[in-house]
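Written below as structure tokens is the structure these notes are about.
Just the heavy atoms: all of them, side chains too, but no hydrogens, waters or symmetry mates, feed the values below. So you know, we letter chains A, B, ... as the sequences are listed, proteins then strands, and number each from 1.
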Protein chains: 2
Amino acid sequence: MTKYQHQKRVLVAIDCIIFGFDGADLKLLLIKRGFEPEKGKWSLMGGFVKATENFEQAASRILKQLTGLEGLYMEQLLAFGDPGRDPMERTVSIAYFSLIDILQYEKQISHEYHAEWFSLHEIPRLIFDHQDMVELAREKLRYKAAFHPILFELLPQKFTLPQLQHLYEEVYNTRFDKRNFSRKILSTELLVKQKDKEKENSKKGAYYYKLNKKKYKIHFHEILNIIPNPGNLH
Amino acid sequence: MTKYQHQKRVLVAIDCIIFGFDGADLKLLLIKRGFEPEKGKWSLMGGFVKATENFEQAASRILKQLTGLEGLYMEQLLAFGDPGRDPMERTVSIAYFSLIDILQYEKQISHEYHAEWFSLHEIPRLIFDHQDMVELAREKLRYKAAFHPILFELLPQKFTLPQLQHLYEEVYNTRFDKRNFSRKILSTELLVKQKDKEKENSKKGAYYYKLNKKKYKIHFHEILNIIPNPGNLH
DNA sequence: AATATAAGTGTTATTTTGACATTTATTAAG
DNA sequence: CTTAATAAATGTCAAAATAACACTTATATT
């Protein structure tokens, strides 16, 4: 067999949009790019796909390099391929987005890459089309979280309803009625109430909950309806 | 500036999953592949991305080659990049899916590529990972159509409510109650009732409707709720 | 004139939603 | 020890949305 003739070969990279939550804010993990072009500028964590890897393997490897974590939630966002997106050489980038509980992540962080968390309200200028990737990832997160219990990936194993609600409020940048919120969340029957309470944030303390992992896996793809008036999602 | 060193460059292709509807069945457009490997086997319409094109431009060009049509609904599905997916040489494929009214398309068809419509129940074995692409595209179509008025892209300008319902029933492989269906569809206020009737399929005739294109564009991204118990979508 | 066919339409009971306020547990302060 | 302050937890009710259900209408055919 002969190879396909007269076709241009291009570089293929992965870029990871890594969202994290620390109990207060929704954040994005960025690194200072270590090589030219745009060396020293803020960038998504990325890398080239190796000859024997598929995209998921490459994304996992890159994610592990940066965070030290494995088995994270990960999903392909979109392939970006405008001819000039990397001025050095045409490079197609497959964007993945990932969700991390920041506090868990901090124990394992590799500091080799000067990674930093940025609140979504204070994102610096990013290289290439990474800004577009982040914006699209935010939209996709909002869309997906409106129908699927994806935001649990941002929380520790044990969490409280007020913490969960706070997270939803961060993602949708709005406030929910806590009575209606807890009714909807609990009606999914994905949560298991624990006996102990979290007492950092209030005198009374809030009961911890855990995911029912089995139900979570089984029902993950079903359509929930957690967000009132989901309205103008994409 | 020097180029990125020691990285492998690969081919980048587009493959188009083209769904069509002829008033009766939901169908998929396939071609007989014209070159090796797998010459003569059934395949999605595809082609390599050219040096100056972005993905959308490449997908439009490829789509026009096959169908003669422009301005079709088109959306990136997913990038496929397993190392061995094309045995000839590593090729990344960006899959796009498109929606066409078959009867409109037939006037413009280019017969150069031996394209044929296949009912979704009778799809032949396809080359490479095209089978996976088609399956994923079907899931995405069902998912998207549950929340957005996307299926109108499969219909002619003028269509009847029974035709529309039939289309939804094909996509979801189920039956809907026509009273509830028409109430939901009409409550979107996206349809404009016409004065004339379609009289091929019944003695009484069914009123034609047209899309209110302006509202359609404005409200396209809003979440509708057309499908009862959307259940286990992805 | 009678019949057959598919289109078109309305009601009701049930479920889901969104708006809203009070009670409870605990710590801190006086 | 009593009081005050704080955030958590919980219930009701009216309105809206949904799902289930059957009859009438227009027309072509016989």
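B:Glu198 and B:Tyr207 share no side-chain donor-acceptor pair at under 3.5 Å.
Look at NZ on B:Lys197: it is 8 Å from C1' on D:dT27, rounded to the nearest Å. Look at CG on B:Leu161: it is 12 Å from C1' on C:dT9, rounded to the nearest Å. Atom-to-atom, CG of B:Asn201 to P of C:dG8 comes out at 12 Å; the value is rounded to the nearest Å. If you take CG of B:Leu186 and C1' of C:dA7, they are 13 Å apart, rounded to a whole angstrom. Atom P of nucleotide D:dA8 and atom CZ of A:Phe181 are separated by 13 Å, given to the nearest angstrom. Rounded to whole Å, atom P of D:dT29 lies 10 Å from atom NZ of B:Lys199. Remark: P of D:dA8 and CD of A:Glu200 are 13 Å apart, rounded to the nearest angstrom. Following rounding to the nearest Å, B:Arg179 (CZ) and D:dA22 (C1') show an atom-to-atom distance of 6 Å.
Contact annotation: side chain of A:Lys204 to base of D:dA8, donor-acceptor pair present below 3.5 Å. Not a single donor-acceptor pair, N or O on each side, falls under 3.5 Å between the base of C:dG8 and the side chain of B:Arg183.
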- [ ] Quick one: do B:Lys32 and B:Glu116 satisfy salt bridge (charged side-chain N to carboxylate O under 4.0 Å, His left out)? Show the steps, please.
- [x] CA-CA 9 Å; B:Lys32 280 206 168 150; B:Glu116 261 182 51; over 6 Å; no
TODO: Dump the intermediate steps for salt bridge (charged side-chain N to carboxylate O under 4.0 Å, His left out) on B:Asp15 and B:Arg85, then the final yes or no.
DONE: CA-CA 13 Å; B:Asp15 284 302; B:Arg85 55 174 296 282; 3.8 Å; yes
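If B:Lys178 and B:Lys203 are placed on DNA chain D by their nearest nucleotide, the residue sitting closer to the 5' end is B:Lys178. Of the two residues near DNA chain C, A:Asn180 and B:Tyr207, the one whose nearest nucleotide lies more 5' is B:Tyr207.
The B:Ser202 side chain lies nearest to C:dA6 when the options are C:dT24, C:dA6, C:dG18.
You'll find the side chain of B:Met74 stays beyond 4.5 Å of the side chain of B:Phe97, heavy atoms only.
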